[in-house]
Amino acid sequence: MSVPTAGMSLAADFPEATRAEWQKLVLQVLRKSGAATEATTPDGAEDLLATPTYSGPRLRPLYTADDAPVDGVGLPGLAPFVRGGRAQGAGSDGWDVRALHAGPDPKAAAQAVLGDLENGVTSLWLRLGPGGLPVDALGTVLAEVFLDLAPVVLDAGALTVPAAEELFRLAAARELPGSRLAGSLGADPIGLAARAGLAADGPAGLGDATALAARCVREFPGLRAVVVDAQPYHRAGASDAQELGASLATGVAYLRALTDAGLGLAEALGQLEFRYAVTADQFTSIAKLRAARRLWARVAEVCGAEPDARAQRQHAVTSSAMMTRRDPWVNMLRTTLACFGAGVGGADAVTVLPFDSRLGRPDDFSRRIARNTQTLLQEESSLIRVIDPAGGSWFVESLTAELAEAAWATFTEIEQAGGIVAALRGGIVASRIETTRQDRFDAIAHRRDPITGVSEFPNVAEKLPERPAVPVEELDVPAGAAPGLPEIHYDADFEALRARADAHAATGARPAVFLATLGSASASTARATFAANLFQAGGCETPTSGPGTDPAAIAAAFTASGAAVACLCSADKVYAEHAAGVARALREAGARQVWLAGQAGERAGSDAEAGIGGYVFTGCNAVAVLQATLAEAGVA
C-alpha cells in the first residue's frame with residue numbers, strides 16, 4: 001500500500017476547477033429547466049441565481065477569493081475594527097447577555113431581574129416611563145441588585161434625566177463609588193424624535209444628553225450617557241443600509257453636540273453606544289455589524305480620533321419586526337438565528353427578545369428560553385472560543401464591503417440634506433424607508449419572503465398562549481410636529497387576515513375554502529397541499545372532496561362542507577378534461593368564487609366561461625387572493 005508523499009495535494013490528479021466552467025454547467029441546468037434561454041450567457045446564468053436585497057447588493061450563488069475586498073479588513077481589535085472591537089474577540093466570558101425588562105409591575109420586575117441575573121444574564125436593560133416601569137420604582141426593581149457587578153442600561157425616553165438622577169441617587173445611597181457604576185443612561189433625543197415626530201426647533205433633550213455625558217466623564221467613567229438607537233428605522237421597515245446610514249448620521253450629530261459642549265473627541269466617542277436590530281437572516285446580520293464598525297471607524301478617523309478610540313460599542317437586539325403572534329414558538333428559531341448572527345458579527349452586548357413578546361408580558365419560561373439561547377450559543381456551540389468566526393469568508397467579507405458602501409451612500413445623502421435632524425424634518429428619511437417598506441410588504445404578500453407559521457405552514461387550529469397585556473407606550477408628540485416613523489411587523493397583512501377570520505369564527509363557523517381534488521390522489525396532492533397552505537394562511541379551513549371527477553358528487557361535497565369558495569386542485573392533464581364541468585357544477589351549487597391551483601395558460605378563456613374566477617400559484621399575490629376570498633366568504 002502506497003502512502004501519499006508529504007505535501008502532495010489530494011486534488012493533484014484532478015483538473016483545476018474554474019468559475020467559467022462552473023458557469024457553463026449552471027447554464028446547462030438552467031436551460032433544461034427553462035429558466036435560461038439559448039441567448040443567456042454564462043455570466044447571465046449566474047445573475048439568474050442571484051438574490052436581491054433591500055439594501056441594493058445582490059447575493060450571488062458563488063463567491064471566490066476574487067470577490068474578497070481588495071483593501072483588506074484588518075485584524076481583530078485593530079482599526080477599522082471590521083473583525084471586532086477587541087483583539088480577543090468575545091473572550092472567555094463571552095459577550096454581554098443583556099435582558100430587557102419593561103414592567104409594568106415593579107415587584108414582579110424585581111423578581112424577574114433576580115431570576116435573570118442568577119441564571120446567566122450579565123446586564124439589565126430597563127424600559128422606564130409610560131408603557132414601562134415607573135421611574136420612581138427603580139429602587140424597588142434594583143433593590144437586591146449589586147450595581148457594581150451588574151451594569152444597568154436605562155431606556156426612559158423623555159424621562160431620561162429623572163431616570164438618570166434616580167440611578168445616581170441609588171448609587172449614592174449605597175455609598176457606591178462613581179467609578180464602579182457601569183452601563184448606559186440611554187439618552188437618545190434624536191431617536192425619540194424620529195419615533196414621536198420632530199418639532200420645528202429640533203429634538204428636545206439634546207442639551208440634557210450632553211450635560212449627562214459631561215457628568216459621566218467627570219463622575220462615572222464606567223457609564224455611557226448616549227445611545228444611538230437604530231431600531232426606530234428598522235422597525236419602520238428600513239433596509240440594513242438605511243438603518244446603518246441613519247445611525248451614522250445620528251452618531252455624527254451627537255459627536256458635534258458633545259464636542260461643542262466641551263468634551264474632547266475621545267471622551268465624546270466613549271460616551272456613545274450603538275444599538276442595532278439583528279434578524280433571522282444571519283449572514284446579513286453578521287455583515288451589518290461588521291460594516292457598522294468599519295463605517296464608524298472611518299467617521300472617527302475623519303474626525304481626527306486616534307486609532308484606539310475608533311471602535312464602535314455595539315448592542316444587538318433581535319428584531320421585534322420579525323416576531324410573529326401566530327405560531328409564536330417559531331420565534332425561538334428566529335431569535336436563535338439572529339443571536340447567532342449577533343455573536344458571530346461581534347456585538348458587545350446582545351438582547352434576545354422572548355418568543356412570546358408579541359402576545360404580551362413574557363413569562364418565566366420565555367425569559368428562560370431567551371437567556372439560555374445565548375448560553376447555548378456561547379458555551380455549547382463554542383462561539384466564544386473562536387475569534388471572528390466569519391473572518392475570511394469570501395461571502396461575508398464581500399457582503400460587508402457592499403453593505404458598507406450602500407450605507408455610506410445613505411449617510412452622505414442625509415448629511416447633504418443638513419444632517420439627520422433636517423433629513424427627518426424634511427421627510428427624506430421617511431420617504432426612503434417607505435419605499436423599502438412597500439417593497440418588503442410586496443415580497444411578503446407574494447411569499448418571496450416567507451414567514452413560517454404565518455404565510456407558510458400556518459396552524460389554523462392553534463391556541464395561542466395567554467399573556468398579560470403590556471401597556472402601550474404613550475409618546476409625547478410635540479404640537480405641530482412632523483409625523484414620526486411608524487412601527488411595523490412583517491406579518492401585519494397576514495395577521496390582519498387571520499384576525500378577521502378568527503372574529504368570524506367566534507360568531508359561528510370558521511370561513512372555509514373547499515378543495516376540489518380532481519382525479520387520483522397522486523394527481524391532486526401537490527396542488528392541494530399548496531392551496532391548503534395558502535388559504536389556511538388567511539385563517540380558512542380547507543375541507544377536500546377526495547379523489548374523483550364526478551361534478552355532481554363534488555358539488556354535493558361542496559354543499560355539505562358549508563364553504564362559499566372553492567378551489568380546483570389537480571394536474572394540468574386532469575384540468576383539461578374535467579375542470580370546466582366541475583367548475584360549472586360548483587357555481588350551480590352556490591360557490592361565490594372558484595379558484596384554480598395553477599397558471600392560466602391557454603385555458604384562460606374557456607376557464608372563465610366555465611366559472612373559474614382566478615388562479616393561485618407560486619408567486620401570486622397571496623394577500624390579495626386571501627382578501628378576495630374572505631370577502632366572498634362573507635367575512636367582514
Side-chain angles (χ1 to χ4, degrees), residues 29-37 446-447 455-458 460 510-538 540-634:
V29 174
L30 292 178
R31 282 175 176 167
K32 288 180 181 180
S33 68
T37 66
H446 287 82
R447 301 200 294 180
S455 67
E456 300 283 354
F457 312 112
V460 176
R510 178 171 290 279
V513 176
F514 177 79
L515 304 184
T517 48
L518 310 184
S520 65
S522 61
S524 64
T525 295
R527 280 175 169 162
T529 301
F530 166 83
N533 188 38
L534 187 153
F535 290 113
Q536 288 171 15
C540 299
E541 293 180 341
T542 52
T544 66
S545 64
T549 57
D550 180 30
I554 294 174
F558 167 76
T559 301
S561 73
V565 177
C567 180
L568 307 183
C569 304
S570 194
D572 289 341
K573 290 183 179 180
V574 179
Y575 286 154
E577 186 175 354
H578 300 288
V582 173
R584 291 191 184 97
L586 290 170
R587 285 290 191 179
E588 291 172 0
R592 299 174 188 170
Q593 170 66 294
V594 177
W595 299 99
L596 184 144
Q599 298 276 12
E602 298 178 355
R603 300 188 314 271
S606 59
D607 284 351
E609 292 178 1
I612 295 173
Y615 302 86
V616 294
F617 50 88
T618 301
C620 71
N621 189 327
V623 169
V625 167
L626 293 171
Q627 288 173 338
T629 297
L630 291 182
E632 293 291 353

Please name the pair of heavy atoms, one in [X] and one in [Y], separated by the smallest distance, quoted to 0.1 Å.
X	Y	value
G548	I554	O-CD1, 3.8 Å
A633	P511	CB-CB, 4.4 Å
A563	A512	CB-O, 3.5 Å
G634	R592	N-NH1, 3.7 Å
C620	V616	SG-CA, 4.1 Å
G598	Y615	O-CB, 3.2 Å

For residues [X] and [Y], determine if any side-chain heavy atom of one lies less than 4.5 Å from a side-chain heavy atom of the other.
X	Y	value
V594	E632	no
V582	T549	no
C567	L515	yes
V513	L534	no

So how far is it from [X] [atom1] to [Y] [atom2], rounded to the nearest 0.5 Å?
X	Y	atom1	atom2	value
F558	R587	CZ	CZ	9.5 Å
F514	C540	CZ	SG	14.5 Å
N533	T542	CG	OG1	9.5 Å
H578	D550	NE2	CG	10.0 Å
Y575	S606	OH	OG	13.0 Å
Q599	T618	CD	OG1	8.5 Å

Exam field: side chain R584 to backbone A610, donor-acceptor pair closer than 3.5 Å: no

query: Does R447 use its side chain to pair, donor to acceptor, with the backbone of S455 at less than 3.5 Å?
result: yes

task: Run the numbers on T517 and S545 for side-chain contact (heavy atoms from CB on, under 4.5 Å), then give the verdict.
output: CA-CA 6 Å; T517 48; S545 64; 3.2 Å; yes

query: What class does the angle between the rings of F535 and W595 fall in, given that below 30° is parallel, 30 to 60° is tilted and above 60° is perpendicular?
result: tilted

